[in-house]
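Heads up: the structure comes next, in structure tokens.
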There are 2 protein chains.
Amino acid sequence: MKRARLNPEQVVQAACDMADAEGLEATTLSALARALGIQPPSLYRHIDSYGALIAAIAARGLEDLRERLSSAAAGRSGPTAVHAVADAYRAYAHEHPGRYAATTAFGTIRGHDAYGTAGQAILDVLSATLREWDLDDPARIDAIRGLRAALHGFVSLERSHGFAMDQSVDGSFTALVNALIAGLDAGGGPA
Amino acid sequence: MKRARLNPEQVVQAACDMADAEGLEATTLSALARALGIQPPSLYRHIDSYGALIAAIAARGLEDLRERLSSAAAGRSGPTAVHAVADAYRAYAHEHPGRYAATTAFGTIRGHDAYGTAGQAILDVLSATLREWDLDDPARIDAIRGLRAALHGFVSLERSHGFAMDQSVDGSFTALVNALIAGLDAGGGPA
DNA sequence: CGGGGAAAGCTAATGACATTAGCTTTTTGC
DNA sequence: GCAAAAAGCTAATGTCATTAGCTTTCCCCG
């Protein structure tokens with residue numbers, strides 16, 4: 001019988017993979033221990049708590065996501081950049097549903113701040129994506145919040161079968177991003 | 001010692017109140033039984049399961065929400081109607097965070113369809129709100145999906161302290177709704 | 001080469017949870 | 001007033017996360 005000899009890195013990696021494959025809710029300490037060939041209490045040699053594990057998955061998700069968004073934004077500007085970033089955001093959420101879900105599992109994460117800076121980095125990328133509109137600060141923050149809310153809301157509803165009609169979801173997403181871009185062009189602040 | 005003599009209606013009502021006051025995660029069968037002065041297994045005389053209870057909370061939340069949106073939309077049209085409905089949506093989520101959270105707790109709800117029709121009713125209200133734009137059917141569904149995604153995403157991030165900067169969140173919400181309206185006016189479908 | 005300490009595993013136990021089975025009490029309808 | 005249904009109860013099970021305390025394994029240093 002082979003001893004595992006694990007380290008925190010491997011544990012988090014396995015948890016990320018399990019979350020993507022089986023769902024975040026199925027990623028329990030028991031299931032993770034089973035998958036790793038050890039007993040549940042042994043996991044505490046590598047992680048502080050269940051909440052800390054979910055926070056670690058979330059942190060990794062945010063880092064990966066930031067990288068994808070950066071790549072999508074590189075060498076693009078204006079509407080093209082916004083579409084590229086939006087598509088990259090949605091693609092990441094689909095490819096790594098567990099990591100993405102952890103990112104938004106605020107309930108279990110509260111207090112574990114491992115992912116605070118990673119979240120800020122995402123906002124920086126979004127901000128850079130909007131550079132061409134040259135927004136001054138109240139409007140800039142409004143735009144970032146709106147973009148993030150729209151992306152998160154769409155992906156969240158989509159991931160949970162929130163869109164019943166069998167019309168193309170891709171098209172609806174493109175239309176939403178176009179609407180936000182139209183809003184940026186219109187530029188009118190709060191009436 | 002007073003016997004409770006409960007019925008399903010009262011149990012769901014108490015669960016809704018507890019969810020709003022203590023949070024949906026704190027609304028366990030044990031805590032609910034404690035609050036009602038009975039033992040946990042006795043709850044099964046009134047509900048089928050924990051999942052069914054959450055689904056019942058969600059159904060009530062959707063019904064209440066539909067009513068609020070209907071009221072907000074009545075006698076209004078165009079951008080005014082959209083703003084009124086959006087504000088009503090956000091206000092409901094703030095006033096009844098537990099019910100609203102249940103509405104989007106797709107994981108525990110899956111399979112309990114008590115809330116299916118209520119969800120459809122919400123979409124009907126949103127559709128009516130957009131009447132003035134006279135959208136034909138692919139664009140109409142895109143607009144509804146986009147509006148719902150934006151509202152849900154914003155409220156969801158807001159509820160979980162997703163907006164760090166201390167700039168006014170009200171203003172950001174108004175700006176987002178304005179952007180969506182600008183998108184409706186621009187009307188361009190997917191490029 | 002050998003020993004000692006740290007790292008990483010283990011078993012056993014606890015307390016919260018949902019859930020089932022089966023019993024008792026209360027209410028209600030005739 | 002009585003019988004049956006409705007609504008409560010206790011006891012037990014299985015799944016969680018988590019803690020305490022023990023043992024094994026590895027690695028470094030003398």
Side-chain angles (χ1 to χ4, degrees), chain A residues 1-19 21-59 98 101-102 105-112 114, chain B residues 1-19 21-59 98 101-102 105-112 114:
Chain A
M1 167 199 180
K2 62 173 190 299
R3 288 286 170 172
R5 287 287 119 177
L6 296 166
N7 57 41
E9 165 60 25
Q10 290 171 302
V11 169
V12 171
Q13 179 64 44
C16 284
D17 292 346
M18 176 177 282
E22 317 284 339
L24 187 63
E25 310 77 31
T27 307
T28 66
L29 293 186
S30 297
L32 184 58
R34 213 173 302 132
L36 289 169
I38 63 176
Q39 295 299 316
S42 304
L43 284 172
Y44 287 83
R45 297 288 169 189
H46 309 292
I47 62 171
D48 283 347
S49 68
Y50 176 72
L53 177 69
I54 304 299
I57 298 175
F106 308 96
T108 43
I109 277 181
R110 187 81 30 92
H112 305 273
Chain B
M1 169 199 181
K2 60 173 194 296
R3 287 287 169 173
R5 285 288 117 177
L6 297 165
N7 58 40
E9 166 60 25
Q10 292 171 300
V11 170
V12 171
Q13 179 64 42
C16 285
D17 293 345
M18 176 175 283
E22 316 284 340
L24 187 63
E25 310 78 29
T27 306
T28 66
L29 293 186
S30 297
L32 185 58
R34 213 172 302 132
L36 289 169
I38 63 176
Q39 296 298 316
S42 304
L43 284 172
Y44 287 84
R45 297 289 166 187
H46 309 292
I47 62 171
D48 283 346
S49 68
Y50 176 71
L53 176 69
I54 302 300
I57 298 176
F106 307 98
T108 43
I109 278 180
R110 187 80 30 92
H112 306 273

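Numbers restart at 1 for each chain; the letters A, B, ... are given by sequence-line order, proteins then strands.
With rounding to whole Å, B:L32 atom CG is found 13 Å from C:dA18 atom C1'. Taking atom CD1 on A:I38 and atom P on C:dC10, their separation rounds to 6 Å, with Å as the unit. Going from atom CG of B:L6 over to atom C1' of D:dA7 covers 9 Å, rounded to whole Å. Distance, A:Y44 OH to C:dC10 P: 15 Å, rounded to whole Å. Rounded to an integer number of Å, the gap from B:L29 CG to C:dT19 P is 6 Å. To the nearest angstrom, P of D:dA7 lies 14 Å from CD of B:E9. The nearest whole Å value for the distance from the CD1 atom in B:I54 to the P atom in C:dA18 is 9 Å. We find that CD of B:Q10 is positioned 16 Å from P of D:dA6, with the value rounded to whole Å.
Annotation for B:T27 and B:Y50: closest pair O-CE1, 3.5 Å, computed over non-hydrogen atoms. Heavy atoms only, all atoms of each residue included: B:H46 and B:L6 are closest at CE1-O, 3.0 Å. In terms of heavy-atom proximity, A:M18 sits nearest to A:A31 at CE-O, 3.5 Å. Here the shortest heavy-atom pairing between A:L24 and A:A105 reads CD2-CB, 4.2 Å.
One finds a side-chain N or O of A:H46 lying less than 4.0 angstrom from the OP1 or OP2 phosphate oxygen of C:dG9. Distances shorter than 4.0 Å separate some side-chain N or O of B:S42 from OP1 or OP2 on D:dC9. Side-chain N/O atoms of A:Y50 include none lying less than 4.0 angstrom from OP1 or OP2 on D:dA17. A sub-4.0 Å separation between OP1 or OP2 of C:dA18 and a side-chain N or O of B:S30 is present.
In this structure the side chain of A:L36 reaches within 4.5 angstrom of the side chain of A:L43, judged on heavy atoms.
Checked against D:dG8, D:dA11, C:dA7, the side chain of A:R5 finds its nearest nucleotide in C:dA7. If you check C:dT11, C:dT19, C:dA18 against the side chain of B:S49, the one that comes closest is C:dT19. Considering only the side chain of B:Q39, D:dT10 comes nearest among C:dG9, D:dT10, C:dT11. Looking at the side chain of A:R45, the nearest of the listed nucleotides D:dT19, D:dG21, D:dG8 is D:dG21.
Each of A:R34 and B:P8 was matched to the nucleotide of DNA chain D holding its nearest heavy atom; the match closer to the 5' end belongs to B:P8.
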